[in-house]
Amino acid sequence: MSGEPVLELDDVGVVFRSGRRHTVTAMAGVTFRIAAGETLGLVGESGSGKTTTGAVALGLRRPTSGTVRFLGAQHGGRRTRAGAIQAVLQNPHWSLNPRLTVADSVAEPLSAVEGGRLRTHHPAALRILDRVGLSASYAERLPHELSGGQRQRVAIARALITHPKFIVFDEAVSALDVSVQAQILNLVHDLQSEQGFGALFISHDLAAVRYLAHRVAVMRAGQIVELADAHRFYITPQHPYSRQLLETL
Amino acid sequence: MRAAAVRVRRALAMRSYDGLFRAAVWVLGVLLLVTLAGPFVGVGGQPDAIVGPRLMPPGAGWPLGTDNLGRSLLPRLLQGIGTTLLLSCLAVACTALISTALGVIAGYRGGRTAEVILRIGDVLYSFPAIVLAVLVAAVLGPGRTAALAAIVLVTVPLMTRMVGTAARAVARREFVTAARISGVRAPTIMLRHILPNVAGTVAVQGTYALSVGILVEGGLSFLGYGVQLPDASLGLLIQEGGLYMVGAPWLIVAPGVVLVAAIMAINLVGDSLRDRFEPRETRSLV
């Protein structure tokens, strides 16, 4: 579990400018590291900076201050780490292009890394689809022919096809109903022990986080108020805000 | 590819459209057919042949009457429809190309790029269409080129804005973010993810631009800045007919009716396409 760190955030701050003078601090002094094979759960209420943290970790947003290192190097151009970082995003309805077949959607990240047409990567797409529990009969379907859970499986297959070192799950199961949630969480758990990727699991759902996370970070107003091992966190939360969150569970 | 074939087949299945749409498609089909086939079959004779006395009401040798030079109106009308449709279609094809490219770039890039593109469009859009068209004709000199350029310049701003808005909505979707994270290049994202998802808007706006294009061509030719004699276009025929409106009303009625029918049919097709692609809004006609 305590492998090499894949992602390190060091004293990261993000300030949005809104209007001429007004500024909003979305992240302040955020420091954490995620090792290979480890899942860090990031919890907090909406507006606490979780999603901004995810965007910074993915390299979508440049931090105003502090440093972000991926595999020991600072974030460079997005192309340089194509395929090494992936994401499974919130809304299963819009996580897939409605005009691309399942096989094309899944093949896309691989074609971005290795070049070539989407079709040439279909065999690899079929293999990974099988791994997430979707048979070859789904390959030529369009997203609107799938259920929410199936779409999220496709999104996971898409993220895994490049064998990434690090995956961000941003509210990846929040829109699914509970029994489907459990299936997807199980799937992510199994895949992680197979492939050993580091993961940032962003969610407002403490129960889902408990199932996957090795460590838990609690965010509030852009700051991490508590960062602890998961088993310790769920038994004896230190910060009053953490206790408040756990009570609502 | 199979999915694309299914979509095309679904779009072509006439049964799924309503009666108004089918009627509109028939009108356009007939207009297209007579203008394409007219010159070969020789319907009504040669457009420039003098067939009888001047300003005769419809009769045996001249089904729609004759004009001030004794030419039969029918072949001139067919020639005019052809000129107008060809010119407008060509112009709208240019508009669609320019607007789609600009709109998709503005929608995907956002920020300053979008601001510049859309503001330039706003400036053009703030001119009344016919004023802008006359300005273009004055700069380029009257003729087909001026009419073509005028239609493009009049229709580009609105279409760019509509495509840009649609592209912006698509660019915010999570599959675009996911593609960016996976390292897919920006041109690929625009072609593979944005463009297919705004194709409906392009089709709808294209039909509206076509009806605006026909009107602009008609207006310019009517004012003498568009298609020049001895060629014919709908606008030019209406202008000629206007001179003899009291004595020979058929000269203005025939091209006028065709113009109105063509524009209504095109708008109805546009409405039906919009109902299909953006089902929440209501029809603009009927």
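Below, chain A is the first sequence line, B the second, and so on; all start at residue 1. Values reported hereafter were calculated over all heavy atoms of this structure, with side chains retained and with hydrogens, waters and symmetry mates removed.
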Can you tell me if CZ on Arg119(B) sees more than 12 non-hydrogen neighbours from other groups inside 6.0 Å?
yes

Need one label for Leu100(A): side chain, backbone, both or neither, based on atoms under 4.5 Å from any heavy atom in chain B.
side chain

Interatomic distance, Leu118(A) atom CG to Arg192(B) atom CZ [nearest 0.5 angstrom]:
4.0 Å

Would you say the side chain of Pro98(A) lies within less than 4.5 Å of the side chain of Phe175(B), judging by non-hydrogen atoms?
yes

Measuring heavy-atom distances to chain A, does Ala179(B) have an atom under 4.5 Å in its side chain, in its backbone, in both, or in neither?
both

Check whether Asn97(A) reaches the backbone of Ile194(B) with its side chain - one donor and one acceptor, N or O, closer than 3.5 Å.
no

Which answer fits Ser105(A), side chain, backbone, both or neither, if we ask what part of it has an atom under 4.5 Å from a heavy atom of chain B?
neither

Do you know which of Ile167(A), Val168(A), Leu60(A) makes side-chain contact (heavy atoms from CB on, under 4.5 Å) with Ile181(B)?
Leu60(A)

Side chains of Thr162(A) and Ser182(B) in contact at under 4.5 Å (non-hydrogen atoms):
no

Chain B contacts, top residue of Glu108(A), Arg158(A), Gln86(A) (heavy-atom pairs, under 4.5 Å):
Glu108(A)

Which one of Ala87(A), Ala159(A), Ser95(A), Ala155(A) has the most heavy-atom pairs closer than 4.5 Å to chain B?
Ser95(A)

